[in-house]
Protein chains: 2
Amino acid sequence: MRKKSSVPYIRIVMLGSGNVATQLAIALRQNGFHISQVYSPNAKHAQALAKTVKASPVSALGKIEKTADAYILAVKDDAIAPLAKKLKLKDKLVIHTSGTAALSILSPASSNTGVLYPLQTISKERILIWRKIPICVEASGKPAKALLDKIARRISDRVVSLGTEERRVLHLAAVFACNFSNHMYSIAARLLKKQDLSFSLLIPLIQETAEKAGALGPDLSQTGPAARRDEKTIKKHLKMLSSDKNYRQLYLSISKSIREK
Amino acid sequence: MRKKSSVPYIRIVMLGSGNVATQLAIALRQNGFHISQVYSPNAKHAQALAKTVKASPVSALGKIEKTADAYILAVKDDAIAPLAKKLKLKDKLVIHTSGTAALSILSPASSNTGVLYPLQTISKERILIWRKIPICVEASGKPAKALLDKIARRISDRVVSLGTEERRVLHLAAVFACNFSNHMYSIAARLLKKQDLSFSLLIPLIQETAEKAGALGPDLSQTGPAARRDEKTIKKHLKMLSSDKNYRQLYLSISKSIREK
């Protein structure tokens with residue numbers, strides 16, 4: 001009966017002030033949620049994000065309100081468990097945003113827990129199109145699931161229910177697809193810099209590579225010396241990398257992996 | 001005096017029928033050049049591309065016309081030298097499209113030679129936006145340079161004059177930025193497949209990673225367990241990869257390289 005455009009009045013406390021906390025709080029606020037408080041042990045950080053999303057800044061755990069609908073722990077993986085142990089929120093929905101942490105890590109804080117893992121590389125500087133970001137959700141039970149889905153579906157068109165193990169594999173895959181491919185760009189940038197060549201020359205190539213993998217799939221998209229078994233070019237490249245053992249070794253092992261496919 | 005939109009009447013013979021030959025012939029034809037012949041030892045391949053660009057197919061070297069303005073050898077690196085030795089074109093402009101082959105490899109064919117290296121991953125299936133593709137040019141002398149520039153500038157807004165050594169470094173950088181990052185996508189796809197998870201989940205992440213590297217540069221864009229020295233997650237990931245020594249080794253060495261930055 002309710003139209004999608006009607007705004008549910010849901011109060012959320014955001015714990016954290018880093019990249020994910022910032023971008024998620026903004027997305028929630030833009031989609032009509034009420035961020036009542038932003039918590040960070042660093043008062044300045046709490047203030048900065050609180051101002052952006054019209055919330056109250058809190059830097060003492062004791063001052064966190066007990067009556068919000070949901071509490072999102074968007075903090076580093078190692079900080080989730082210690083923080084959860086200090087929160088006593090009975091049956092309020094407590095959420096973390098990690099790709100690897102178990103759901104049960106939140107149990108000390110509440111009987112209703114959930115995971116809301118946005119599958120994206122998130123920095124404060126970038127404007128994100130949240131509607132297209134896959135959000136992986138996992139919940140401790142039906143009441144938690146209902147509210148978690150309501151939150152996730154309001155900011156993204158692609159909400160996927162995944163168990164902890166599946167989410168961990170997805171996170172590992174994302175490390176290869178995002179962090180490791182970005183490191184390949186970094187190596188390329190450094191090789192170019194030595195010759196005073198601009199990294200911007202590679203941008204159309206990098207973007208086409210990403211789009212092509214999306215359209216054809218990465219296996220069909222594979223090109224280059226290793227894929228066509230062009231040993232002559234591979235030898236030349238290894239010689240060019242002889243002054244840099246680290247890159248030479250990576251070139252060798254990635255080329256080997258491509259050939260073995 | 002001449003407006004950019006006026007079409008110079010330039011006759012080009014395309015030697016080759018693969019990905020680069022096909023896409024380049026189409027781009028040239030679309031920009032008003034006349035492709036007089038398409039040569040391939042495989043008559044069917046010659047016919048297919050010739051039909052697309054309204055040229056005559058040729059599968060015997062002896063039938064290649066001697067009076068075109070330019071001859072483009074868009075063939076595999078190993079095939080350039082043998083082909084150049086069989087062509088006797090006096091002072092006609094003879095061009096190759098390789099990232100690594102020297103310019104001098106074309107000397108047996110003509111006294112006027114050039115390189116036209118498009119910095120892009122090229123497959124027949126994709127529509128390319130040639131205007132944005134950097135084209136690296138190198139020429140044997142002024143007359144060659146003049147015609148080569150005329151051809152390159154007509155299809156791209158980004159024509160860069162590079163010597164052989166610089167072009168080779170650019171090609172090596174492109175192997176990292178394109179071929180190796182695509183292999184990272186492939187590994188991610190295989191990890192997901194084992195869990196029946198769709199590769200499409202990663203597409204927004206892959207595209208944002210590419211765009212972010214273009215906007216912020218790859219060093220500032222680097223995120224993930226290795227960048228934040230999250231040894232606990234790295235250990236978990238290595239354990240998850242224990243059944244796949246190859247991927248485990250790549251994970252280790254790329255993470256090490258990220259940390260050493």
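Computed from heavy atoms alone, side chains included, the values below leave out hydrogens, waters and symmetry copies. A, B, ... follow the sequence lines: proteins, then strands. Residue 1 opens every chain. Computed from a predicted structure; not experimentally measured.
Note on B:S255, B:A189, B:S200: by heavy-atom pairs under 4.5 Å with chain A, the leading option is B:S200. Each of B:E260, B:Q207, B:K212, B:M240 has some count of heavy-atom pairs under 4.5 Å with chain A, and the biggest count is that of B:K212.
With a 4.5 Å cut-off on non-hydrogen atoms, B:F199 touches chain A through its side chain but not through its backbone. Within the 4.5 angstrom heavy-atom criterion, atoms from both the backbone and the side chain of B:S123 approach chain A. For B:L128, the part sitting under 4.5 Å from any heavy atom of chain A is the side chain, from C-beta outward, and nothing else. Both the backbone and the side chain of B:V169 come within contact range of chain A, each with at least one heavy atom under 4.5 Å from a heavy atom of that chain. Heavy-atom distances place the side chain of B:D77, and not its backbone, under 4.5 Å from chain A. At a 4.5 Å heavy-atom cutoff, the contact between B:L201 and chain A is made by backbone and side-chain atoms alike. Looking at B:R190, only its side chain comes within 4.5 Å of chain A, counting heavy atoms on both sides. Both the backbone and the side chain of B:A174 come within contact range of chain A, with heavy atoms under 4.5 Å apart. Neither the backbone nor the side chain of B:N19 comes within contact range of chain A, judged by heavy atoms closer than 4.5 Å.
A:F180 has its ring centre less than 6.0 Å from the ring centre of B:Y251.
The residue from B:S257, B:S181, B:S221 that alone fulfils the side chain to side chain donor-acceptor pair (under 3.5 Å) condition with A:H183 is B:S257.
Between the side chains of A:T209 and B:N182, no donor N or O sits under 3.5 Å from an acceptor N or O.
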